[in-house]
Amino acid sequence: MPSDELFLVRLRKTENLRSRGIDPYPRSYHRTHTATEAVEQFELAEVSGEGEAETDEVSIGGRIIGMRGMGRVTFCDILDGSGKVQAMFRSNALGDAYETLKDLDLGDWIGVSGAMTRTRRGEVTIQASSLAVLCKSLRPLPEKWHGLTDTEARYRQRYLDLIANPEARRVATIRSRMVSAIRRFMDRRGFMEVETPMLVPVPAGGMAHPFETRHNALSRDLFLRIATELHLKRLIVGGIEKVYEIGRIFRNEGIDASHNPEFTTMESYEAFADYNDVMRLVEDLVSTVATEVTGSPIVEYGDQQINFSPTWPRLSLVDQVQKHSGISLTESQTIDSLKAKMRSAGIDTANQVSWAGLVDKLISTAVEPRIVQPTFLVDYPVQVSPLAKRTAHDPRLVERFEAFAAGMEIANAFTELNDPVDQRARFEEQEQLRADLPQEEWDRLDEDFLIAIEHGMPPTGGLGMGMDRLAMLLSGQRTIREVVLFPQMRS
RNA sequence: GGGCCGGUAGCUCAGUUUGGCCAGAGCGUCGGACUUUUAAUCCGGGUGUCCUGGGUUCGAAUCCCAGCCGGCCCA
C-alpha cells in the first residue's frame, strides 16, 4: 500500500467517515435520474411551468470532479455516465451532514438528493437535501484543467483518460455505436451472426505470423486465429447462406499507428453472390453506418472530407498501379523485372524477396496513399490472392477488391475460390513459397478446410473489414491506439 | 531493426543550449477566512528515486556512455 501523503490523508478521511457512522463503501444506492436527465427535466419544467420552476426531489449518483467550498455553502460538479451536473450543499439545509464534505475529495463517488433549481449565475443545480457517500477514492484524479495528456498514462490507465478527457469517452462511444450499427445492418440484410474458434490447429486464411499456444489436456499445439475466413466458408458449405462474424484476430507482428497485435474484423460470406455484389454491400454498409454514427455519410478526417455515399468508383488495380507508378504488373511477372522497375521508380525494394511482396509494397507506396475518397480497386494478381477465384478474362487475375479511403485499406473481398482442386494447388504453392522464402508470410494449407469445400461450396462472395480502421475514420483518430481501449504496451 | 523527440511533485509544465546563485510554477493537497460558486477568491505551509545504472568533475536534472519506457518517422 502506498505511503505517500495524499494516499494517507484519504485513508484517514475514510476512517473519519466510519467513526461518524458513515459506511464509505455502501452496498447500493438508488438514483432516480442521471445527471443529464435531471437537468433536462428541470429545463422542460421551466419552459412549460408558470412562474418559478419546481420539480420533485431527484436522486443522482456520480463522481465529484470539481469542488468549490465557500464556507457554509459548497458547490460540487458531479460526473456520471450521462454527463455533468452541479450540486449545491448548504449547511443550514444539511445540518450535521454538511460536515461530511470535509472528508470528501475530488474523485469520490456520492449520491445527492434534492430539488433542482437554477443558481444566481444561471446554472441548473441540484440543491442537496441529503448526501450519501458511495465510494471513497484513495488516489487523486488528473489535473482538472489540463486533464491527462501523457499518452503512456492515457493508454495504460485508460480509466483516467475516460474520467479526465471527454474526447476519450466520445471515441469509445463512437466505436461501440459503429459496431452495433454494423450488426443491425447485417441482421437486416438477413445475415446470421456466428462465433468460430479462436484457438485453431492451422493458422490459415491469411498471410500473417501467428501466436502459438498449447492445450495441455489435449497435449496439442494450437494457434490464435489470424482470420475468421476459413471457418465461415465451412458454414457456407453447411448451408448457412448468409453468415458473418465480428471478432478479434491476432497477428504476431509489429505495432504501429495502424497495427495492434489483436484487432477486430467483420467478415461476411454470402452464397450466390460475387465480388460485385459485395462492393454494393460495402458501400451501402459503410455509408449507412457512418450516417447512423456521425449523422452524415460525409466524415471529417484531418483536413479531408470523406464522402461515403454510394456509388464508389471501381478502378482496375493494374490500371491504377500503371497510372501512379508507370509499372505494368501484367508485363512484369518475374521478381527481377518487377524489382528493377520499382527501383527505377524510386521505391525501396531491399526487404522484398518475392513477387507477391513486391506487389504489396508497390500498392501500399504508390497507390494506397493517393486514394482519399472511398474507392474499390478491383482484380488483383492471383499470386497475392490464394483464396480468390480467377477472372473469366485473365487467369493471372482474380475477382478480388480492396476498398480504400483516406489512404487506408478498409476492406478486402473476393469472389471466393470454390474449385477444391485449384484451391489445393494454391495452398501447395503457398507452402512451397514458405519453404523457399521463410522470411515472408504465406498462407497455410488447411486440410480440414479443403475437405469441407471438396463437399461443395456454392458460388460465394466474401468480405473482410477492419473494424479498428473504420472506427478511426468515423472518430477522426490518427492511430489505432486511440480506438482500442487497452492497446498492447511493452512490459 | 534504424533515425529523431521526450521522461522533473499526484497532474500540467519551466529549468537542460552555456554544470554551481536550482529542486521551481500552477492545479491538487494541508491549515485558516468566506451562504450562489463554476479553472471560485484571499492568507499561510510541506511537496521530489529530476526514468534507471555507470562515468567525467571540487560540484551533474544539466555533459558522456549503456539501458528502460513512450511518441513520431523510416524499414
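Throughout, protein chains are lettered first and strands after them, A, B, ... in sequence-line order, and every chain is numbered starting at 1.
R118(A) comes within 4.0 angstrom of no nucleic acid atom, judged by non-hydrogen atoms across all strands. Within the nucleic acid shown, D150(A) comes within 4.0 Å of sugar-phosphate atoms alone, with no base atom in reach, counting heavy atoms only. Residue contacts for G147(A): at a heavy-atom cut-off of 4.0 Å it reaches the sugar-phosphate backbone alone, with no base atom in range. Across all strands shown, T151(A) has heavy atoms under 4.0 Å from sugar-phosphate atoms exclusively, and none from any base. Across all strands, R156(A) comes closer than 4.0 Å only to sugar-phosphate atoms, never to a base (heavy-atom distances). At the heavy-atom level, L148(A) lies under 4.0 Å from the strands shown only through sugar-phosphate atoms. Contact annotation for R121(A): base contact, defined as any heavy-atom pair under 4.0 Å involving a base atom.
Side chain to side chain, Y155(A) and E482(A) meet the donor-acceptor criterion of an N or O pair below 3.5 Å. Defined by atom type and a distance below 3.5 Å, a donor-acceptor pair is missing between the side-chain atoms of D161(A) and Q157(A). Side-chain polar atoms of T334(A) and D336(A) form no donor-acceptor pair below 3.5 angstrom. The closest side-chain donor-acceptor pair between T294(A) and S296(A), if any, does not fall under 3.5 angstrom. A donor and an acceptor atom, one from each side chain of Q86(A) and Q127(A), are nowhere located under 3.5 Å apart.
For the C1' atom pair drawn from A25(B) and C4(B), the interatomic distance equals 29 Å after rounding to whole Å. Here, G55(B) and G70(B) have their C1' atoms 26 Å apart, quoted to the whole Å. With P as the reference atom, G19(B) and G59(B) are 16 Å apart, rounded to whole Å. Going from the C1' atom of U57(B) to that of C13(B) covers 30 Å, rounded to whole Å. For the P atom pair drawn from U17(B) and C34(B), the interatomic distance equals 49 Å after rounding to whole Å. Comparing A61(B) with U52(B), their P atoms are spaced 11 Å from each other, to the whole Å. Spacing of P atoms, C50(B) relative to G10(B), comes out at 11 Å, to the nearest Å. To the nearest whole angstrom, the two C1' atoms, one in G7(B) and one in G15(B), are 15 Å apart.
Nearest-nucleotide assignment on RNA chain B puts the 5′-proximal partner with K13(A), out of G122(A) and K13(A). If L106(A) and S91(A) are placed on RNA chain B by their nearest nucleotide, the residue sitting closer to the 5' end is L106(A).
Boundaries of the chain A contact region on RNA chain B are G10(B) to A75(B), first to last in 5' to 3' order (nucleotide atom under 4.0 Å from a heavy atom).
Under a 4.0 Å N-O distance rule, the pair D468(A)/R175(A) qualifies as a salt bridge.
When each of R63(A), R31(A), R169(A) is tested with D80(A) by the rule salt bridge (Lys or Arg N to Asp or Glu O under 4.0 Å), just one qualifies, namely R31(A).
With both pairing distances under 3.5 Å, G1(B) is matched to C74(B) as a Watson-Crick or G-U wobble pair. Base pairing of G6(B): its partner is C69(B), meeting the Watson-Crick or G-U wobble criterion (both donor-acceptor distances under 3.5 Å). Across all strands shown, U17(B) forms no Watson-Crick or G-U wobble pair with both distances under 3.5 Å. The partner of A40(B) is absent, by the rule that a Watson-Crick or G-U pair needs both atom distances under 3.5 Å.
No cation-pi contact links R121(A) to F75(A), judged by a cut-off of 6.0 Å to the six-membered ring centre and 45° from its axis.
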